K.L.:
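Starting off with a structure, shown below.
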Amino acid sequence: MNQPLAGFAPAPVTARMENHGNHMLKVAMQTGNDLLARVGSMVAYEGFVQYEPNPPAVRQIAKDWLTGEGAPLMKCSGDGLLYLADYGANVVVINLNGDGISVNATNLLAFDAHLTWGVERVKGLAKFAGQGLWNTRISGQGWVALTSRGKPIVVDCGGGDDETYVDPDALVAWSPNLKVKGKRSFRAQSLIGRGSGEAYQMAFSGQGIVVVQPSEDSTDRLRVRG
């Protein structure tokens, strides 16, 4: 009976975070190296792992999440293996290695608790979108796991004069050093996005990456605060 299932068995641990297939995250838990993860994302664990929903550190930062932009988080601690998932979405694992990333909170699955993080307004969009858009910025030495509705693409913006345009409903994350501005396109409104109003894109320029998912489900994407 075990033979047909052998290909689905967990592989030996090689890193703090890694994929188990495309839709599940495996985290090697160690005492003193806590994890912040989306509430409800735990699907299995081995060993001794404890959970604390909405810990004080999260409550302090999440006070800025007034209109639902933030993901409810829990602190995970202990020793063992922890498996996380989010309704079958693809999981993308990133080792920041001293860098930073700006993440749409609905695409945030888990990250090392020692990383520096907070909610910030997306610069360059305040005039364009009223009060602007809000994202979660994470930086430091450690691991982050994101979700994507389908297999994402990672666009390298390069650093030239050309801009990269993304439908905000398909946007997952980007390098925080990129310049961001909004763009309206009336002539393309029937071709870009799924909204019935004018087409709206986010334009990125500079040196860095943009992560884009093959989905335009606007029910849980970046929200306009206004």
Side-chain angles (χ1 to χ4, degrees), residues 22 64-65 67-71 89-109 111 115-140 143-226:
N22 295 324
D64 291 326
W65 288 336
T67 57
E69 294 92 340
N90 284 58
V91 175
V92 181
V93 178
I94 301 172
N95 186 356
L96 290 182
N97 196 27
D99 298 322
I101 192 166
S102 186
V103 186
N104 181 353
T106 59
N107 296 94
L108 185 57
L109 180 61
F111 59 96
L115 289 169
T116 301
W117 69 286
V119 179
E120 66 175 9
R121 189 191 304 272
V122 179
K123 296 178 181 178
L125 295 182
K127 275 189 177 180
F128 184 79
Q131 293 294 324
L133 299 176
W134 294 72
N135 246 29
T136 303
R137 179 168 177 167
I138 306 173
S139 61
W143 294 82
V144 178
L146 313 177
T147 60
S148 169
R149 305 299 172 184
K151 186 177 180 179
I153 60 169
V154 179
V155 180
D156 188 349
C157 293
D161 296 330
D162 292 337
E163 295 178 324
T164 298
Y165 298 94
V166 180
D167 185 327
D169 293 339
L171 183 63
V172 173
W174 67 87
S175 300
N177 55 296
L178 289 174
K179 294 181 180 179
V180 187
K181 67 180 183 181
K183 177 185 177 182
R184 290 189 173 106
S185 175
F186 292 92
R187 289 180 296 178
Q189 62 182 353
S190 62
L191 302 176
I192 302 176
R194 297 184 181 273
S196 58
E198 64 193 19
Y200 165 56
Q201 303 104 51
M202 294 174 67
F204 296 88
S205 60
Q207 189 72 42
I209 63 169
V210 180
V211 183
V212 183
Q213 64 184 2
S215 170
E216 294 174 319
D217 180 6
S218 60
T219 58
D220 62 352
R221 299 271 69 81
L222 283 167
R223 295 174 172 85
V224 177
R225 177 183 283 188

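In this text the structure is predicted, and so the values were computed from the model without any measurement.
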K.L.:
Taking side chain as C-beta onward, heavy atoms only, is Trp117 less than 4.5 Å from Val144?
P.N.:
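No, too far: nothing below the 4.5 Å cut-off.
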K.L.:
Under the side chain to side chain donor-acceptor pair (under 3.5 Å) rule, collect the residues that match up with Thr164, sequence neighbours excluded.
P.N.:
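With neighbours one apart ignored, the set is empty.
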K.L.:
Between Ser175 (side chain only) and Ile209 (backbone N and O only), is there a donor and an acceptor less than 3.5 Å apart?
P.N.:
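The answer is yes, because a donor-acceptor pair under 3.5 Å joins these two groups.
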K.L.:
Indicate the atoms forming the closest heavy-atom contact of Ile138 with Leu96, along with that distance.
P.N.:
O-CD1, 3.8 Å
K.L.:
At their closest point, which heavy atom of Ala89 faces which heavy atom of Thr147, and how far apart are they?
P.N.:
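Heavy atoms only, the tightest pair is CB-CB, 4.0 Å.
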K.L.:
For residues Val92 and Pro152, report the shortest heavy-atom separation together with the two atoms involved.
P.N.:
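Shortest heavy-atom contact: CG2-CG, 3.7 Å.
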K.L.:
Side chains of Pro214 and Ser148, heavy atoms from C-beta outward: is any pair under 4.5 Å?
P.N.:
yes
K.L.:
Once you round to the nearest 0.5 Å, how far does CD of Gln207 lie from CG of Leu178?
P.N.:
8.5 Å
K.L.:
Kindly compute the distance separating CZ (Phe111) from CD1 (Ile101), expressed to the nearest 0.5 Å.
P.N.:
12.5 Å
K.L.:
Taking the side chain from Asn104 and the backbone from Ala173, do they hold a donor-acceptor pair closer than 3.5 Å?
P.N.:
no
K.L.:
May I ask you to test the Val180-Met202 pair for a side-chain heavy-atom distance under 4.5 Å?
P.N.:
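Side-chain contact under 4.5 Å: yes.
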K.L.:
Checking the side chain of Gln213 only, and the main-chain atoms of Arg149 only, is there a donor and an acceptor separated by less than 3.5 Å?
P.N.:
yes
K.L.:
I need the minimum non-hydrogen distance between Ser205 and Glu163, along with the two atoms involved.
P.N.:
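Heavy atoms only, the tightest pair is CB-CG, 4.0 Å.
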K.L.:
Measuring only between side-chain heavy atoms, which start at C-beta, is Trp174 closer than 4.5 Å to Asn135?
P.N.:
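With C-beta onward as the side chain, the pair touches.
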K.L.:
Give the minimum heavy-atom separation between Val91 and Ala145, together with the two atoms involved.
P.N.:
CG1-CB, 4.4 Å
K.L.:
With sequence neighbours excluded, tell me which residues meet side chain to side chain contact (heavy atoms under 4.5 Å, CB included) with Ser139.
P.N.:
Thr116
K.L.:
To the nearest 0.5 Å, what is the distance between CG on Leu109 and CG on Leu146?
P.N.:
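Reported to 0.5 Å precision, the distance equals 8.0 Å.
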K.L.:
Should Asn107 and Val211 count as side-chain neighbours, where that means a heavy-atom distance under 4.5 Å?
P.N.:
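With C-beta onward as the side chain, the pair stays apart.
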K.L.:
Output all residues satisfying side chain to side chain contact (heavy atoms under 4.5 Å, CB included) with Asn95, sequence neighbours left out; order by chain, then residue number.
P.N.:
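For Asn95 the side chain to side chain contact (heavy atoms under 4.5 Å, CB included) partners, ignoring immediate neighbours, are Asn97, Trp143.
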K.L.:
Taking all non-hydrogen atoms of both residues, which atom of Pro176 and which atom of Gly100 are closest, and how far apart?
P.N.:
CD-O, 3.2 Å
